[in-house]
Structure formats: structure tokens, C-alpha cells
There are 2 protein chains.
Amino acid sequence: MADEVQQTPKRGRRPGGTDTRAALLAAAREVFSEQGYDGATVRTIAARAGVDAAMVNHWFGGKEALFGEAVLQLPFNPKEIIAHLLEGGIDDLGTRIVRAFLTTWDAQGGGVFAALIRSVAAHEQVADVLREFFLKNVFAQLAGKVADDRPDLRANLVASQMIGLGVVRYVAKFDPLAESDVEALVRAIGPNVQRYLTGPLD
Amino acid sequence: MADEVQQTPKRGRRPGGTDTRAALLAAAREVFSEQGYDGATVRTIAARAGVDAAMVNHWFGGKEALFGEAVLQLPFNPKEIIAHLLEGGIDDLGTRIVRAFLTTWDAQGGGVFAALIRSVAAHEQVADVLREFFLKNVFAQLAGKVADDRPDLRANLVASQMIGLGVVRYVAKFDPLAESDVEALVRAIGPNVQRYLTGPLD
């Protein structure tokens, strides 16, 4: 991003900085959800948050990173997810991935996932964000830790199942999957994700 | 659709009718792909095809049906797919579903699938089309024929894997899955689809 408009204070030195950051995240979630990735501007998001547009670069480094953190918001960071998911051992990791995915996105009502898919479908740049956040930071890390072979393909396969699950539950809202109990889906889908991680692929 | 603008000739009686129909399908694929479901109008599509807008209602009954046939274009109709897929028996039906899905959409270069997902994410009405075409006419028919229990949930689960596969291969283009050989993916994914159709889900 070459558009550093002005000198910005160092991170954390501005009084109320954490509030500014939280306000930007909340505003970004609304504006990206309403207008998609391309339609949403840094200026609009900052105005919604009631702060100067320079604060976006200051706190997030730019629109793409703000999108990643605001829209792909996970209630924990990738390193914490991976540590948490691996704690329970490898044998039912697939089950824990499905449960974590559903409880995370269910808690957000599905609208945030729909906004994500809408943006990915429309914009190559957002596909890069998705690749960076989900694939590289989560699924590839998990597959890299537990797979005996082809961790990259396995990470892609896990991603295919989890993204498809999200589309069917939160975007297309197929019945009965959209309304199914989390634990019923964990039992139905977990073993398939486990096979992608540690099973034979040939 | 309440906008029947004029009396239209009966199907097949207009000279060059088949050409009109083919021209409308080709134009619709272009316009839906460029402008999404909502942006594309019957008038624009008809103009692109060089025919009167009334021809859309005449040949397809309206924009939604035209979208279904043009954008969800399968090189065979749903009844033929199901008959073809079931011909080889139940035991490796999952494998044949994955192969048919990949060869169908690969042949179209992936852009049509991306347009479909973009439209589904943006428009509830298009999710209905997807539900009608894919879920009700294909996956639910297959699951209904081969599943011992819960055919509707099984059809949803198969749909989740196939849609996710399409998003990762054609929209997000994750590496290496986007470039993987069809038969390698058939071996990797087919058994998971088979479990959704006929395996234990609990």
C-alpha cells in the first residue's frame, strides 16, 4: 500500500487506541457485508467508525488485512486454533475441526461467512486473503503436523469440505443441513475430514 | 413472471427457433457471467442474442429458468445424469459422481462455476435455483435411490463436498487441487462421497 497519507502515531500510543481498533473492526464487518470487498472503501469504513481514515493503515496496514481480520474473524488467532485443535491428539482431529468450524461460524449467524464467499467469488484478491488465512495459516499447518504424505493436497481437500459445508449451511441454506444439530454434523462429516488428513488417498 | 409483453409464437413454429434458443443460451452465459444474476436483464440478454426479448419467455419461461439452463448447463439433463451414474452400480457411485462433476465443469474452464457461486452468494433467489437443479434434481435423486436412511441429509452432505470442491478448484484456485489430475481427485474424494451416500453417519 503506497497511500500512507500522513504520519501516524506508533501503535498503542494513541489514547483510546484499542477502542479505535475495535470500532474499525466493527465498522469493517458492517461495510464489507453490505458492499462487498470492492465496494467497501477505507474512507467509508473509517467514517462509519468515526475515526480518521489513516487509522486503517495505522492499525491494520491496509484494506486487505482489515478484511482478513474483520471478515474472516475467528474468535482466536490461527496459532491458538492449531495448538487447541492438536491438543486432543491426531485420531479425532477431523471431528474437532468440524466442531470448531461450526461453533465459530454459527456464533456469527452465518452472514459473515456469506459475505466472505461473495467476496471470494467476485475478487481474485480476496481469494488470496482466503488462501493466506484459512489455507496457509490453518489447514496447511494442521495437515503439515499430522499427514504422512502430500500435506498440501490434504490441506486443500480439508478446505474443500469445510468451505462446502459453510456454503450449504450459511449461504445456500439447504434443508436439513442448515438446521442440523452441530454434533450430528460433527459425527457425519468429522470422519471424512479425518480421512483427508491421515487416511489413504489412493 | 407477469411481464408477458406480447403474444409469442408456439414453441418450434418460428423458423430458426432452435437457432434463437441456442443464441439466447450463449448470450445468457456471457451476460450472467459478466453481470451476475441481478445485473443481467432479459432485455440485455435478448439484445446480445439479436432477438426480441419476448423470445426469453417463449423458450425458457423467464430469467430464472434461463439462468438454470444457461449457467448451470450440464451436457446432459438431470434424468440422464442419474440414469448414467446409477448404471455402474452403487458401490463406487461416489467415484463416478466426482468424475462426472470434474469432467463436466473442467470442460467449461471453471468460469461458469465461479459465476454460479458468485450469484448464489449474492442472491437468495439463485440459491433456490441451485437447490432446485443440483440438490433436488441430482443429489437428492441419487441419495434417494441408494441410501438406507436419511436421504435428504445425505444429499446435502454430498452437495457440500461437491460445491466445496468446485469453489477450491474453480473459484479460490488453491494449489495443488486446482491443477490436480481428475483421476487423482476421483481417488481422493470419491470414497468420502460414497460414505455420505451409503456409509454410517453416526
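Order of the sequence lines sets the chain letters (A, B, ...), proteins ahead of strands, with each chain counted from 1.
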Q: Report the C-alpha distance between B/S160 and A/Q161 in whole Å, list the side-chain angles of each, state the deciding distance to 0.1 Å, and finish with yes or no for side chain to side chain donor-acceptor pair (under 3.5 Å).
A: CA-CA 7 Å; B/S160 80; A/Q161 176 60 78; 3.0 Å; yes

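Under the 30°/60° scheme for interplanar angles, the aromatic rings of A/W105 and A/F113 are found to stand perpendicular.
At a 4.5 Å heavy-atom cutoff, the contact between B/L185 and chain A is made by side-chain atoms alone.
Looking only at distances, a side-chain donor or acceptor of A/R96 sits under 3.5 Å from a matching main-chain atom of A/G89.
Across A/L153, A/N192, A/D152, the residue that shares the most heavy-atom pairs under 4.5 angstrom with chain B is A/N192. Contact tally against chain B (heavy-atom pairs below 4.5 Å) for A/V193, A/L201, A/L165: the top residue is A/L201. Between chain A and the residues B/G199, B/G190, B/P191, B/P200, the largest count of heavy-atom pairs under 4.5 Å involves B/P191.
In A/D149, the CG atom is crowded: over 12 heavy atoms of neighbouring residues, nucleotides or ligands sit closer than 6.0 Å.
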